[in-house]
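The structure under discussion appears below in the form of structure tokens.
Numbers here simply count residues along the sequence, with the first being 1. Everything numeric here is computed off the predicted structure, so don't read it as measured data. Order of appearance sets the numbers: ligands from 1, and atoms from 1 within every ligand.
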Amino acid sequence: MTDIAVLARIVDDAARHAVPIDQLSHSEALSVNQAYDIQYASIDRRLGRGESIIGLKMGFTSREKAEQMGVHELIYGWLTDRMLVDNGDTISLDRFIHPRAEPELAVRMARSLSGSPSWEEAWDAVECVAPAIEIIDSRYQNFRFSLADVVADNSSSSALVLGQWRDKPDDPRDLPIELSFDADVVASGSTANVMGNPAIAIATGAEMLARRQRLLEPGWIVMTGGATAAQALRPGLQVEAGVETIGNVSFQTASG
Ligand code: OOG
Ligand code: MG
């Protein structure tokens, strides 16, 4: 029998201590629904340690990301206050297993959103936008996972860096976005890569949460998903992302 609490502890401990684990799917036949049960239970463990939810991240919203990881279903995971890194900060890579960075458009919700909103309704519920870098870190060995594995592992959520909040543009559909390491562009794309429109990623998040009687809440941040393939981090890097017309965000990785 699948013991949700035991599996939640395994993924939570792996994240907390940055020690990689074998894929859960190697020893358990997990449904996606059970994987979300594990994800929710692992987040409850974080909340029990005093962390609080600050929003939601969407995953595999772009073909670039889906192809890089071989998972073609949309997923989500939770963001907590402990995952926030200040814009411009230097972070040690010791707290991660094999971190990767991806440039994203982040939004902050003005109002709650639930049911199955249109993209216009989703965009209307957004208060403001920011350029963002998500640092993902799969807890599985070699960054390999099945759909159920990655969902159980809070969709690889690990850290996020947000630039300055700005007024939202009228239309979020085609904003060039790029990621650079030490001033060299290592990945570039457009918000159009994100489901053709990142507002659809927000609407889809609301719809997926509604299946579990949850909603996107006012004040929450939504990470709309990597617009490009993720890039492996290494010590001593200056990492910067830019979203055209919205701005830039950066951090450094500590050397060695
Ligand atoms: C899963 C998380 C995907 C995105 O932006 O598509 C994601 C992973 O790639 O490990 O964050
Ligand atoms: Mg992401």
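Take a cut-off of 2.8 Å around the Mg ion (ligand 2): the protein N, O or S atoms inside it are Glu102 OE2, Glu104 OE2, Glu134 OE1.
Every residue two or more places apart in sequence or in another chain was checked for a ring pair (Phe, Tyr, Trp, His ring centres under 6.0 Å) with Phe251, and none qualifies.
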Throw together a table of side-chain donor-acceptor distances under 3.5 angstrom for residues 157-165, partners on residues two or more places apart or in other chains.
unit_1	atom_1	unit_2	atom_2	d
Ser157	OG	Trp78	O	3.4
Ser157	OG	Asn154	O	2.9

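Although no hydrogens or angles enter the test, the distance criterion places a donor-acceptor pair under 3.5 Å between the side chain of Arg111 and the main chain of Asp124. Proximity of a side-chain donor or acceptor of Gln68 to a complementary backbone N or O of Ala230 within less than 3.5 Å is detected.
Just one residue in the list Asp170, Asp171, Val107, Asn197 forms a side chain to side chain contact (heavy atoms under 4.5 Å, CB included) with Trp123, and that residue is Val107. Of the candidates Leu74, Thr224, Ile202, Leu74 is the only one forming a side chain to side chain contact (heavy atoms under 4.5 Å, CB included) with Met195.
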I'd like the atom pairs linking ligand 1 to the protein - N or O on both sides, separation under 3.5 Å - with distances to 0.1 Å.
unit_1	atom_1	unit_2	atom_2	d
ligand 1	5 (O)	Glu102	OE2	2.7
ligand 1	5 (O)	Glu104	OE2	3.1
ligand 1	5 (O)	Gly226	N	2.7
ligand 1	6 (O)	Phe60	N	2.8
ligand 1	9 (O)	Lys65	NZ	2.7
ligand 1	10 (O)	Ser156	OG	2.7
ligand 1	11 (O)	Lys57	NZ	2.7
ligand 1	11 (O)	Glu102	OE2	2.8
ligand 1	11 (O)	Glu134	OE1	3.0

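Relative orientation of the Tyr36 and Tyr40 rings is perpendicular, given thresholds of 30° and 60° on the angle between their planes.
For Glu178 and Ser188, the side-chain atoms include no donor-acceptor pair closer than 3.5 Å.
By the 6.0 Å contact criterion, CZ on Arg212 is enclosed, its count of non-hydrogen atoms from other residues, nucleotides or ligands being greater than 12.
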